[in-house]
There are 4 protein chains.
Amino acid sequence: MFELDTRSRKPIYEQLVEKLKQLIINNVLKEDEKLPSVRELAQQLTINPNTIQKAYRELESLGYIYSLKGKGSFVHPIEKSDNVEELNKVREELKRLFAEAIYLGMTEKEIESLLHEVKGGQKND
Amino acid sequence: MFELDTRSRKPIYEQLVEKLKQLIINNVLKEDEKLPSVRELAQQLTINPNTIQKAYRELESLGYIYSLKGKGSFVHPIEKSDNVEELNKVREELKRLFAEAIYLGMTEKEIESLLHEVKGGQKND
Amino acid sequence: MFELDTRSRKPIYEQLVEKLKQLIINNVLKEDEKLPSVRELAQQLTINPNTIQKAYRELESLGYIYSLKGKGSFVHPIEKSDNVEELNKVREELKRLFAEAIYLGMTEKEIESLLHEVKGGQKND
Amino acid sequence: MFELDTRSRKPIYEQLVEKLKQLIINNVLKEDEKLPSVRELAQQLTINPNTIQKAYRELESLGYIYSLKGKGSFVHPIEKSDNVEELNKVREELKRLFAEAIYLGMTEKEIESLLHEVKGGQKND
DNA sequence: GTGGTCTAGACCACA
DNA sequence: GTGGTCTAGACCACT
């Protein structure tokens, strides 16, 4: 399910956060769907449960999931999160990337077509 | 010349790389222009020369500058670099960010207007 | 009657306590009015009766309701309760919150207008 | 320096977060002042360093402190944080508390005088 | 010496 | 069974 690079300088839990974010964003994990339990995922990835916890915690504070004692962790429906801070981060990063892309020779058209491509592929059901 | 945030959790050398990249991208540092020497910049920013060195090395491997032994570091003319690797990285990152932005509620229009804004501000010689 | 957020990390019984407190505070549940029976409410909210029980016990110890064996639970008339303990708690919490609000940049005016807003909305019979 | 209740249902790290928040809000710990190191505080409180870490992490993500590898943790200057999420939380809690205070018999005047008292005592140097 | 990550293993609260 | 907390102890990266 995941490919984690235990040798990377990037902490495992951050890699996990990224991967899970992608799954949520791309609607592979749907609203209110249950994520694998901490222990389950830990065993599956042969990683310490605490590390999974840390990732889940981070995802919760970022507004991507919610966790219930005794029940599990679930994908947070977007409408309710309305995450201003995350949005600002994304805006800044977009500006930085646009400048870089243009510098490297990409045209506005190319960038826009990339956007449409992504937009089309996004599963919105 | 620079504003380095010694408070940021980001390593200083990474901040330097980013700042210098920005200067090159925005054409403040022009093609083949000489960058400040390591020692000079180190003194100016009251930072360890090793840190500057590390940043320059990083920029070189990214294709933004080239170094000549005993002469210094210079801005890499973009036509000559034609950095396919970097371009692919940027494309992938753009796709990732677009998906995230859309997920967080940004519309295509918003994203495009952000692009035009950046494009407009870019200094193209 | 209630909207309980089963997704919230807050225990359900605590949510119940809060909601019932609100109803009492806003005079929706009047002095000496009978609260729904534990079983009744449990069925209505499809929640374990023990959870309701726990909430009622909490409300009783906070001085908001009183229970009569075999008869049910009732709203405690406020004049009779004269809950000094609760008042002191609230005063302390207000002081803490005021300091925090000011620290985060709220002005006295903002805070006061928030107070008037709440005061206006309060149903005082 | 701190009084921690290891028996409380409230996690130690949360108690720590609260205490440190208070110290920062009340300007006992000033802008950019260094907090005790993780290990130092751990030893002082006879608590595991990981628990302190967790508290510091939380404080960082709340915008109250910033941490630098190899240097330490420091109080985040307020102007830069501009913490929207925290502010919204505080506003909601204020509304809740105001309603409760009024119900328990406090007058607007009392509440306002409490506010002025706090405002006056806040150290703004 | 500092913060940060990770593991192993125990225990608690909630359902 | 679930998430959550805590400890003990090891190791890493950055100053």
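In the text below, chain A, chain B and the rest are named by the order of the sequence lines, each starting its count at 1. Computation of the quantities below employed the complete heavy-atom set of this structure, encompassing side-chain atoms and omitting hydrogens, waters and symmetry-equivalent molecules.
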### Query
Using a distance-only test with no angle check, is there a side-chain donor-acceptor pair under 3.5 angstrom linking A/Y66 and A/D32?
yes

[X] has a side chain; which of [options] sits nearest to it?
X	options	value
A/E60	F/dG4, E/dC6, F/dA13	F/dG4
D/T51	F/dT7, E/dC14, E/dT5	F/dT7
D/K54	F/dT5, F/dG4, E/dC14	F/dT5

### Query
Does the side chain of A/Y13 get closer than 4.0 angstrom to OP1 or OP2 of E/dT5 through an N or O atom?
yes

### Task
Compare side-chain N and O positions of A/S37 against OP1 and OP2 of F/dG1 and report whether any pair is under 4.0 Å apart.
no

Could you check how far [atom1] of [X] sits from [atom2] of [N], rounded to whole Å?
X	N	atom1	atom2	result
A/K10	E/dC6	NZ	P	12 Å
A/L68	E/dA13	CG	P	18 Å
D/L4	F/dT7	CG	P	10 Å
B/I12	F/dT15	CD1	C1'	10 Å
D/Y56	E/dT5	OH	P	16 Å
D/R39	F/dA10	CZ	P	13 Å
A/I52	F/dG3	CD1	C1'	13 Å
A/N48	E/dG9	CG	C1'	9 Å

#### Entry: Any N/O donor-acceptor pair, A/Q53 side-chain to F/dG3 base, under 3.5 Å
no

### Query
For the base of E/dG9, is there a side-chain donor-acceptor partner from A/N50 under 3.5 Å away?
yes

### Message
Name the residue from A/E58, A/E86, A/E14 that meets the salt bridge (charged side-chain N to carboxylate O under 4.0 Å, His left out) definition with A/K21.
### Response
A/E86

### Task
Of all the heavy-atom pairs spanning D/H76 and D/G63, show the shortest one and how long it is.
CB-O, 3.5 Å

### Message
Please evaluate residues D/T51 and D/L45 with respect to the criterion side chain to side chain contact (heavy atoms under 4.5 Å, CB included), reporting the C-alpha separation (whole Å), side-chain torsions for both, the decisive distance (0.1 Å), and the verdict.
### Response
CA-CA 11 Å; D/T51 306; D/L45 302 176; over 6 Å; no

### Query
For A/R9, which contact category applies under a 4.0 Å heavy-atom criterion: base, sugar-phosphate, or nothing?
nothing

### Task
Take D/E40 and D/R57, find for each the nucleotide of DNA chain E with the closest heavy atom, and name the residue whose nucleotide sits nearer the 5' end.
D/E40

### Query
How far does CG of B/L104 sit from OH of A/Y64, to the nearest 0.5 angstrom?
4.0 Å

### Task
Could you check which nucleotide pairs with F/dC14 in any of the strands shown, counting Watson-Crick or G-U wobble with both distances under 3.5 Å?
E/dG1

